[in-house]
Amino acid sequence: MKGFTWRMVVICLILGGLVVLVIACRGGPVQPTSAPTGPAAEVTATPVVKPEEPKLAEVLHVYNWSEYIEPQVYKDFEAEFGVRVIEDTFASNEELLAKLQAGATGYDVIVPSDYMVKIMIAQGLLAELNYENLPNIVNIDPKFADPPYDPGMVHCVPYLWGTTGIGYNTEVFEEPPDSWAYLFDPEIAAQYAGKFTMLNDSRESIGAALKYLGYSLNSTSEEELMKARDLLIQQKQWVYAYDSEQFEDLISADETVMAHGWSGDIFMAAAEDERIWYAIPKEGSTIWADNLCIPKTAPNKYTAEVFINYLLRPEVAAANSNFTWYASPNAAATEFIDPEILNEPAIYPPPEVMAKLEWIEDVGEATPLYERFWTEVKAAGP
Ligand code: N2P
């Protein structure tokens, strides 16, 4: 018995020594040092030798524009895949960028516009897509499959596209307000004092002013940008609010009669309120495409890809167009999109209108000028 006990002690000592050795080799017991909070915490597991089978996460975090997805799509995805989707919303590309730059690590899917995709790629903020998880990418119309801001769709998949223009109450206007003059010409804009909104968006609002002045909305000339700033400051006395999320509801509620805004949001309101309609200014305006992208810091990249692939299904892509009233870059979705949307020239503009539309581009070194002048507009007295 004694011998046995001694043997036990020796074995215990050896085993204990081994445990100490292992812990020492691993640098001591793992202490949670500044553990990331939120969904990002999942990625800090101990390194795995062999890559595991991709597994779906329980929760997916989407950072999207407001009213920019059919709510049923989230519910259907959850029912089919068992993944709960939590959505936060942003109101401008610059807000989205600032959030990522500030180190937000919890988002799995984000929805930047064209020029912002380019900026984010350059700043190393986006992950590359794994096409093995995106078989439905073949549904994207070839016209949209090689965007200049992300050649070959390496980082993002086009989601919806549209234009920027003027939403209005048809009972107030005899003729459609189809010129930027309605918003900027003092003679005209003053007639609608306190009755119109401008987008709370530096590139869109400075862009509209540049267009009214006859310049490109991608101007990098300090002189032209100063003129646009001065015009916006002059206009401010007549502006009800700078708003990118409720401009259409404000027309409906008779708070305003006109709004600088995005096509689909206006048409969504028009579907509920037949007094509302939309015009693309004859001087030309913005055409844009928003994209589904995965931040490099996404905690659940595989699940994000499964979700993006789901959004690429023809019926799902069509449901999102039908809900948002925005045009779809998904060719296979066309047969499921309401004819009312497909046949609306202000949603799918004819070539002569298309020719006057301009994409917002990354203006590189002129970006701080846009930021500074926009801050000056916002800070100016009413
Ligand atoms: C959605 C607004 C969309 C987008 N409410 C502008 N890129």
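Both ligands and their constituent atoms are indexed starting at 1 by order of listing. Predicted model, so just to flag it, every value in this text is computed and none were measured. No hydrogens, no waters, no symmetry mates; every other heavy atom, side chains included, goes into these values. Counting begins at 1 with the first residue of the sequence.
- Residues Leu96 and Val111 approach most closely at CD2-C, 4.3 Å, considering heavy atoms.
- Under the 4.5 Å side-chain heavy-atom criterion for ILVMFWY residues, no single connected hydrophobic cluster contains both Val154 and Val157.
- Checking each of Leu225, Leu369, Ile206 against Trp374 for a side-chain contact (heavy atoms from CB on, under 4.5 Å) leaves exactly one that passes, namely Ile206.
- Residue Tyr240 belongs to a hydrophobic cluster whose other members are Leu250, with links defined by side-chain heavy atoms closer than 4.5 Å.
- The salt bridge (Lys or Arg N to Asp or Glu O under 4.0 Å) check on Lys195 picks up nothing, with sequence neighbours excluded.
- Listed by chain and residue number, Asn218 satisfy the side chain to side chain contact (heavy atoms under 4.5 Å, CB included) test with Glu361 (two or more places apart in sequence, or in another chain).
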Report each N/O pair between ligand 1 and the protein that falls under 3.5 Å, naming both atoms.
| unit_1 | atom_1 | unit_2 | atom_2 | d |
| --- | --- | --- | --- | --- |
| ligand 1 | 5 (N) | Ser66 | O | 2.7 |
| ligand 1 | 5 (N) | Asp265 | OD1 | 3.2 |
| ligand 1 | 5 (N) | Asp265 | OD2 | 2.8 |
| ligand 1 | 7 (N) | Asp290 | OD1 | 3.2 |
| ligand 1 | 7 (N) | Asp290 | OD2 | 2.9 |

